[in-house]
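Everything on this sheet refers to the single structure shown next.
The chains referred to below are lettered A, B, ... by the order of the sequence lines, with proteins before strands, and numbering in each begins at 1. Predicted model only: the values in this text are computed from it and were never measured.
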2 protein chains.
Amino acid sequence: MPDFLFNNKLYYNPVEFAMDRIGGTWKMPILWRLKDRIMRYGELKKDIPHITHKMLTSQLRELEEEGFIVRKVYPVVPPKVEYSITERGLAAIPIIETIRNYGLQLMEDFGVGYKK
Amino acid sequence: MPDFLFNNKLYYNPVEFAMDRIGGTWKMPILWRLKDRIMRYGELKKDIPHITHKMLTSQLRELEEEGFIVRKVYPVVPPKVEYSITERGLAAIPIIETIRNYGLQLMEDFGVGYKK
DNA sequence: CTGGATCCTATCAGATACTG
DNA sequence: CAGTATCTGATAGGATCCAG
């Protein structure tokens, strides 16, 4: 598997490419919540624990630019913006589920307990 | 899904936990190469393009500490060290394969070509 | 041959303040 | 309500040098 370029960045393998699109701390949690419904910015913010305003905004921008979600702005006051998932975004859902199940299995293997 | 602690680090979900174990640029490439054979340090170094001495060493240490690989030292001069995969490491292989296939699919979807 | 330590840089991500 | 800008600390990763 040779190296390849995408957006002027050098990748060494397909795993790295995939993780650059949907990896990081927040992209999967966002896609997961949009998988079966449209949500407004504020809803996402309330629904995803710990995420900061800045991170939510920037991650939504990147997911939109790369075609995983769609942003729809209603020209009203106060502003209303809705986010929905695309075909490309939906294709990522089974992968997220797979990784999530593996994570649960690993947690059990490591004997990880929940914080009270 | 509540938060939980592992090694004094706070995790928000199982995906994050999994990616902290086998994510990053180098851990999957290393596990992948050990999946069906024992390899020496120098072999891994030669076989994984772009990896630096420091990163190979540190990633091997972490994978060993968390039980994904085993390190066997032969007390000879010059030193000989062999790395092999464990049951826990083998359990990660299908996940890596899944992500890899998804990455290939995404690359096609994005029309990514190879660097000559 | 294998490994450790040091220094340096780029990027990531949190906090905060400001805007229409 | 949603978004932008700036500052700053934390972390990942590369280059290089020394050691048994």
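- Computed from coordinates, the B:L10 CG to D:dA10 P distance equals 17 Å when rounded to whole Å.
- The B:T52 side chain lies nearest to D:dA15 when the options are D:dA15, D:dG3, D:dA2.
- Comparing D:dT4, D:dG13, D:dG20 against the side chain of B:T25 picks out D:dG13 as the nearest.
- Of the possible donor and acceptor atoms, one in the side chain of B:E43 sits under 3.5 Å from a partner among the backbone N and O of B:R40.
- Residue order along DNA chain C, read from the 5' end via each residue's closest nucleotide, puts A:I51 first among A:P78 and A:I51.
- When rounded to the nearest whole Å, the span between CE of B:M55 and C1' of C:dC7 equals 16 Å.
- For the pair A:I30 CD1 and C:dA13 P, the computed distance is 11 Å after rounding to whole Å.
- Taking 4.0 angstrom as the limit, B:R71 places none of its side-chain polar atoms (N or O) nearer than this to OP1 or OP2 of C:dT2.
- The A:K54 side chain lies nearest to C:dA13 when the options are C:dC7, C:dA13, D:dT4.
- With C:dT2, C:dA13, D:dC1 as the choices, the nucleotide that has an atom nearest any side-chain atom of A:P79 turns out to be D:dC1.
- Side-chain atoms of B:Y11 and B:D3 include no donor-acceptor pair closer than 3.5 Å.
- Atom P of nucleotide D:dG14 and atom NE2 of B:H50 are separated by 10 Å, given to the nearest angstrom.
- Salt bridge status for A:E62 with A:R21: absent, with no side-chain N to carboxylate O gap under 4.0 Å.
- Taking 4.0 angstrom as the limit, A:R40 places none of its side-chain polar atoms (N or O) nearer than this to OP1 or OP2 of D:dC1.
- Residue contacts for A:Y83: at a heavy-atom cut-off of 4.0 Å it reaches the sugar-phosphate backbone alone, with no base atom in range.
- In this structure, the NZ atom of B:K80 is 14 Å from the C1' atom of C:dT2, given to the nearest Å.
- A:I51 contributes atom CD1, which lies 9.0 Å from atom OG1 of A:T25 (distance to the nearest 0.5 angstrom).
- Candidate nucleotides C:dG3, C:dA13, C:dT6 were compared by shortest atom distance to the side chain of B:T57, and C:dG3 ranks first.
- Looking at B:N7, its side chain never comes within 3.5 Å of a backbone N or O of B:K9 through a donor-acceptor pair.
- When rounded to the nearest whole Å, the span between CZ of B:R61 and C1' of C:dG4 equals 9 Å.
- When the P atom of C:dG3 is taken as reference, atom CD of B:E62 falls 15 Å away, rounded to whole Å.
- Atom NE2 of B:H53 is separated from atom C1' of D:dC18 by 10 Å (rounded to the nearest Å).
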